[in-house]
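For reference, the structure discussed in these notes is given below.
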Amino acid sequence: MTSETGTDSIVFEDLLRQQGEAFRAMFAPLAPSMAATDPTEIQHWAMSAAKLQKMWLDFSAEQAGHVEPLLARMGDIGKWTQTFFSMAGQLPIAQAETQAKLWNDSMALWSTVMGQFAGGARPDGEGAELPRKDRRFSDKRWREQPAFALIHQTYLLLAERLQQMADEAQGLSPERKEQLRFATKVVTDALSPANFPLTNPVVIERTMETRGENLVKGVEHLLNDLRKGQLTHTDPAAFELGRNIAVTPGKVVYETPLFQLIQYTPTTDEVFETPLVIFPPWINRFYILDLNPQKSFIRWAVAQGLTVFVVSWKSADASMADIVWDDYVRAQIEAIDHVRQRLKVPAVHTIGYCVAGTTLAATLAVLARRDEADKVASATFFTAQVDFEDAGDLRNFIDDSQLKMLESLSTDGYLDGRYMAATFNALRGTDLIWNYVVNNYLLGSEYPAFDLLHWNGDTTNLPTRWHQAYLCDLYRDNRLVMPDALTVDGTPVDLRRIATPCYIQAGREDHIAPPQSVWKLTRHLSGSWKFVLAGSGHIAGVVNPPESGKYQYWLNPASPATLDEFVAGAKETKGSWWPDWIEWIAGQSDGKVRATGRRNPGGKGDKVIEDAPGRYVRSR
């Protein structure tokens, strides 16, 4: 007679075997090489299935009653799906003519695809030559089998047609039409067959090779991301501030509750008399300009003989609930004044990156109105906007419903930086969301060690009052370019008063600050300016050291009135625009001095606070 324990063991083993067979059966029909497997392999599959089940059960129990909106932080695809379907009636999907054309196009596509397989496999082993190409389907396994070729080619056709319909939609305001376009792209990107394990041949092959262990690893990655409310792009243990990122030597020489001021150690015997103060955006960490010695703009600028100061903003917490834009303008003026006083110089060069560049424009206008414009010898703008009429896809995130949602997500007067990270990821969903869904969750790949992606995930919190006013006053109402429509620190802002020499950089492929939007700054200045259009986008267009030999830039010495005119008459130069900038800076400078005394922070008699990169960049 079988004991009760023995019976339990047999039942458990049988359940485990059935579970393994079921798990394997999900993938076997999609992989031609899969035949019946031996009991050891079935057990391996069973263990994978059991691990998955246990992880989900443990996570469900752990998250029970947990109200934190984790998925919102990961990127709210559902919201954009609702937007798409709420406006889908404006698309001619149901019209007989549209459906007939789509059917005919589909039949022609399928005929073309299947014709590629009529003669057997290509001798080069690269699979069929298909009419539509997309890097999501660049692996040859998408072209080796008719089923997967048809799946992804049909998807690309449908996505293309839906986007065309959104572009041609009638009866919508320009703002709603842009939202429909964006929502259509978000939804079609999410529905890519690459994003689902049973329609992705690369995932299927990996799953068969590992007996499901890739999915176990992938779900482990997914649950960890859900716990922290943020998509992981890179190995979180690969980088450490001050060890292998943000390593340019320097000292924190001044601090306030809002920022620390870092001065970097000179590497030349002589330096330009006029120092440089860099204002990075407070929506990110400053070390985007100091990722590593090879990519560091800060290190390079020091090597060119500049005395470089950088503002390191504090990530918002409850103590900053009342911070508004005026405080950031005052902070820029305070940093400028402190550097002038510290080095006993009349003026400084300045750089403003992104939102800090927008703020720098307001700062210059305030100083001009106060007859203090001579405190700034020059202003450089990295991908900064002041006129938000053509501000790109970010405008899709500022309607009343979304502004209310953002306000509701704020805690203790600040917005968790993970929400902003999810928004920026959504702007490039294919690259910054779905690519990692496939690699991290479906393939179960190990995280890469990539400093730029580490920085991208190192989020900062934002003061709610500043964030709401910024979105409403600038992005929605575009008041910064209306003379005296905004008052900062008791001073009306009129950009037309800015006579400071300006160097304006835009990225040709920038999706956050589109070049046509950045260009408009030139239309609001009364002084001299130089515009450079750099290759690549919001980050790589800026962080492009000469040694890399990458990209290019364009200059036009004439006086074009529009960006199109600029491009039409521009001369292309291969490589980095940084050498052009330093040549321009030298033309705005008053000569050089010895790099002694307070030009070398932390020397004898110079009281400093701590070593760079300081405490604030580490605050969470």
Side-chain angles (χ1 to χ4, degrees), residues 26-27 29-31 71 74-85 87-88 91 93 102 105-106 109-110 112-113 116 126-167 179-207 214-215 218-219 221-222 225-226 231-233 393 396 422-445 453 511:
M26 289 175 60
F27 293 90
L30 303 166
L71 289 175
M74 300 286 286
D76 193 352
I77 306 301
K79 180 184 76 63
W80 289 109
T81 302
Q82 293 173 4
T83 300
F84 173 77
F85 282 109
M87 293 188 284
L91 303 180
I93 299 174
L102 190 57
D105 290 345
S106 299
L109 173 67
W110 297 338
T112 300
V113 171
Q116 292 292 316
E126 285 302 310
E129 182 65 34
L130 301 175
R132 284 174 171 78
K133 293 180 171 56
D134 187 289
R135 59 182 174 172
R136 289 171 289 180
F137 311 107
S138 60
D139 191 286
K140 66 180 182 179
R141 281 166 284 196
W142 286 101
R143 304 186 302 278
E144 287 178 333
Q145 297 183 42
F148 295 114
L150 280 174
I151 286 172
H152 87 267
Q153 287 290 299
T154 301
Y155 160 76
L156 289 174
L157 171 66
L158 294 175
E160 176 186 296
R161 293 293 186 267
L162 281 172
Q163 202 65 55
Q164 287 176 353
M165 292 179 197
D167 291 341
Q179 284 197 337
L180 175 59
R181 286 172 175 158
F182 185 75
T184 301
K185 187 176 188 312
V186 169
V187 170
T188 54
D189 284 351
L191 293 176
S192 167
N195 303 335
F196 300 93
L198 296 180
T199 54
N200 187 326
V202 183
V203 174
I204 291 169
E205 184 172 305
R206 177 73 63 85
T207 304
N214 61 303
L215 298 180
V219 168
H221 287 161
L222 171 62
D225 285 355
L226 288 173
L231 184 66
T232 299
H233 291 114
D393 286 339
N396 293 312
T423 297
F424 286 118
N425 287 344
L427 294 178
R428 292 177 58 198
T430 298
D431 294 329
L432 293 178
I433 297 177
W434 299 113
N435 179 48
Y436 292 93
V437 166
V438 174
N439 286 328
N440 298 356
Y441 303 159
L442 302 185
L443 294 175
S445 301
L453 290 177
H511 63 289

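Treat the numbers as computed from the prediction; the structure is a model and nothing was measured. Side-chain atoms are counted along with the backbone in the values below, which use heavy atoms only and exclude waters and symmetry mates.
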- Where do L130 and R143 come nearest, in terms of heavy atoms and distance? CD1-CG, 3.8 Å
- Query: What's the verdict on side-chain contact (heavy atoms from CB on, under 4.5 Å) for L109 and R132, showing C-alpha distance, side-chain angles and the deciding distance?
  - Reply: CA-CA 10 Å; L109 173 67; R132 284 174 171 78; 3.8 Å; yes
- Is there a donor-acceptor pair under 3.5 Å between the side chain of N214 and the backbone N or O of L442? yes
- CD of Q163 to CG of D189: how many Å apart, nearest 0.5 Å? 8.5 Å
- Message: With a 3.5 Å distance limit and no angle check, can you tell me whether H233 reaches the backbone of L432 through a side-chain donor-acceptor pair?
- Response: yes
- Message: I'd like to know if the side chain of Q153 reaches the main chain of W110, judged simply by a donor and an acceptor atom lying under 3.5 Å from each other, with no hydrogens or angles considered.
- Response: no
- Would you say Y441's side chain and N195's backbone share a donor-acceptor pair under 3.5 angstrom? no
- Any sub-3.5 Å donor-acceptor pair from T154's side-chain atoms to I151's backbone N or O? no
- At what distance, to the nearest 0.5 angstrom, does OG1 of T199 lie from OH of Y155? 10.5 Å
- Query: Counting N and O atoms only, with roles assigned by atom type, does the side chain of R141 sit under 3.5 Å from a partner on the main chain of V202, one being a donor and the other an acceptor?
  - Reply: no
- Message: Please identify which of these residues, T430, D431, N435, meets the side-chain hydrogen bond (donor to acceptor under 3.5 Å, both in side chains) condition with R135.
- Response: D431
- Closest heavy-atom pair and its distance - A190, W434: CB-CZ2, 3.3 Å
- Query: Is it true that a side-chain atom of N440 and a backbone atom of T232 form a donor plus acceptor pair closer than 3.5 Å?
  - Reply: yes
- One should read off an interatomic distance between E205 CD and L443 CG, to the nearest 0.5 angstrom, of 10.5 Å
- Item | Gap between atom OG1 of T184 and atom CG of D167 - 0.5 Å precision | 8.5 Å
